Asks: 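Here you go, one structure.
In this text the structure is predicted, and so the values were computed from the model without any measurement. Residues take their numbers from the sequence shown, with the count starting at 1. Computed from heavy atoms alone, side chains included, the values below leave out hydrogens, waters and symmetry copies.
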Amino acid sequence: MYYANVSQQLPHTSRVIEVTGNGKVMATPNYVQIQIEVQTRGKNVQEAQQENAIIMNRVIQSLLALHIPRENIQTAFYTISPVYDYEDGKQIFKDYEVTNAITVKVTDTSQIGEIIDTAVKNGANRISSIQFNIDNVDAYYQQALSLALQNAQMKAKTIAETMHLPLQPQPIEIVEELEKAPVLYRSMTMVDSKISTPIEQGQIAINATVRVKFQY
């Protein structure tokens, strides 16, 4: 039997360094969204609804008096639910609960404490969320993304220099790890107080993460 003399070559193995780069930019919020709720209860659902409507209208008018534009006030949800007690394993009807929630967008963050105090003074009995946000978050994210790429390059360079590897300067693959939009969030239930409510806005961290592959 005849065998051809065929030269064999080992397949080229691609040698790759994969690193994760992280970047972070801190930004000051330029607006806040406050969720204000009015909860009322009654044996009669219509009476609970009517009481709730009167109080919420009073809350809204008080916010308009603080020069909050009407278009910045929006209904978040409205619910009517029966409330039950349980005795000896039996469900016993207690009353109806009506909840009307509005979201208020505030562009002057120095007003936050005054807005909360005014809403509570006029009948609001729950502040369910305070969310600090940034209008131009994408611009900050682009900065964080640039820092993440620089961080990845530095990591790859450090590994290559430490291991004496001939690293190629241009990456062969870049994968952006998407994250949720950054939000600084607070939640609280309000009680009436003669002291102005202190709210500290702090700063928001905008993060970016990339996975980068380099050949050597």
Asks: Please name the pair of heavy atoms, one in Glu37 and one in Ala101, separated by the smallest distance, quoted to 0.1 Å.
Replies: CG-CB, 3.5 Å
Asks: Please evaluate residues Gln33 and Asn133 with respect to the criterion side chain to side chain contact (heavy atoms under 4.5 Å, CB included), reporting the C-alpha separation (whole Å), side-chain torsions for both, the decisive distance (0.1 Å), and the verdict.
Replies: CA-CA 8 Å; Gln33 286 185 309; Asn133 296 283; 3.9 Å; yes
Asks: Quick check on the hydrophobic clustering: are Ile102 and Ile54 connected, directly or via other members, by side-chain heavy-atom contacts under 4.5 Å?
Replies: no
Asks: I want to check something: taking the side chain as every heavy atom from C-beta on, are Gln74 and Lys105 in contact at a cut-off of under 4.5 Å?
Replies: no
Asks: For Gln91 and Tyr86, which heavy atoms make the closest approach, and how far apart are they?
Replies: OE1-OH, 3.0 Å
Asks: With hydrophobic residues grouped by side-chain heavy-atom distances under 4.5 Å, do Leu165 and Phe214 end up in a single group?
Replies: yes
Asks: Taking atom CG of Asn122 and atom CG of Leu63, what is their separation to the nearest 0.5 Å?
Replies: 8.0 Å
Asks: Please answer: with hydrophobic residues joined when any side-chain heavy atoms are less than 4.5 Å apart, are Ile80 and Phe93 in the same cluster?
Replies: yes
Asks: Determine yes or no for a side-chain-to-main-chain donor-acceptor pair under 3.5 angstrom, with Arg211 supplying the side chain and Val175 the backbone.
Replies: no
Asks: For residues Ile55 and Tyr96: do they belong to one hydrophobic cluster (side chain heavy atoms under 4.5 Å, members Ile, Leu, Val, Met, Phe, Trp, Tyr)?
Replies: no
Asks: Can you name the closest pair of heavy atoms from Ile36 and Ala124 and give their distance?
Replies: CG2-CB, 3.5 Å
Asks: Shortest non-hydrogen contact from Ala152 to Val210?
Replies: CB-CG2, 4.4 Å
Asks: Can you tell me if Glu177 has over 12 outside heavy atoms packed within less than 6.0 Å of its CD?
Replies: yes
Asks: Donor-acceptor pair, distance only, cut-off 3.5 Å: does the side chain of Lys155 make one with the backbone of Thr20?
Replies: yes
Asks: Taking all heavy atoms of Ile174 and all of Leu149, pick out the closest pair and write down the distance.
Replies: CG2-CD2, 3.9 Å
Asks: What is the distance from atom OH of Tyr140 to atom OG1 of Thr28, rounded to the nearest 0.5 Å?
Replies: 7.0 Å
Asks: Counting distance only, does the side-chain N/O of Ser146 pair as donor-acceptor with the main-chain N or O of Gln143 below 3.5 Å?
Replies: no
Asks: Just by distance, do the side chain of Asn136 and the backbone of Ala139 share a donor-acceptor pair under 3.5 Å?
Replies: no
Asks: Do Tyr78 and Ile73 belong together in a cluster built from hydrophobic side chains that touch within less than 4.5 Å?
Replies: no
Asks: For Val98, is there any backbone N or O sitting under 3.5 Å from a side-chain donor or acceptor partner on Asn100?
Replies: no
Asks: Would you say Ser81's side chain and Glu97's backbone share a donor-acceptor pair under 3.5 angstrom?
Replies: no
Asks: Could you give the distance from CE (Met56) to CD (Gln49), rounded to the nearest 0.5 Å?
Replies: 13.5 Å
Asks: Counting distance only, does the side-chain N/O of Asn151 pair as donor-acceptor with the main-chain N or O of Leu147 below 3.5 Å?
Replies: no
Asks: Measuring from atom CD1 of Ile115 to atom CD1 of Ile130, what distance do you get when rounded to the nearest 0.5 angstrom?
Replies: 10.0 Å
Asks: Please check if the side chain of Asn52 supplies one atom and the backbone of Val38 the other of a donor-acceptor pair under 3.5 Å.
Replies: yes
Asks: Should Asn72 and Tyr31 be marked as a side chain to side chain contact (heavy atoms under 4.5 Å, CB included) after you check the CA-CA gap, both sets of side-chain angles, and the distance that decides it?
Replies: CA-CA 11 Å; Asn72 286 3; Tyr31 76 95; over 6 Å; no
Asks: First locate atom CD1 of Ile60, then atom CD1 of Ile68, and finally report the distance between them rounded to the nearest 0.5 Å.
Replies: 12.5 Å
Asks: Considering residues, nucleotides and ligands other than Gln142, do more than 12 of their heavy atoms fall under 6.0 Å from its CD?
Replies: yes
Asks: Would you say that more than 12 heavy atoms from the other residues, nucleotides or ligands in this model lie under 6.0 Å from the CE of Met26, or not?
Replies: yes
Asks: Compare every heavy atom of Ala148 with every heavy atom of Ala208, then report the nearest pair and how far apart it is.
Replies: O-CB, 3.6 Å
Asks: Taking the side chain from Asn30 and the backbone from Asp135, do they hold a donor-acceptor pair closer than 3.5 Å?
Replies: yes
Asks: To the nearest 0.5 Å, how far apart are CD in Gln61 and OG1 in Thr118?
Replies: 13.5 Å
Asks: Tell me if a side-chain donor or acceptor on Lys90 pairs with a main-chain N or O of Asp85 at a distance below 3.5 Å.
Replies: no
Asks: Run the side chain to side chain contact (heavy atoms under 4.5 Å, CB included) test on Arg41 and Lys94 for me, step by step, so that the C-alpha distance in whole Å, both residues' side-chain angles and the decisive distance to 0.1 Å come before the verdict.
Replies: CA-CA 10 Å; Arg41 285 189 173 188; Lys94 186 177 180 182; 4.0 Å; yes
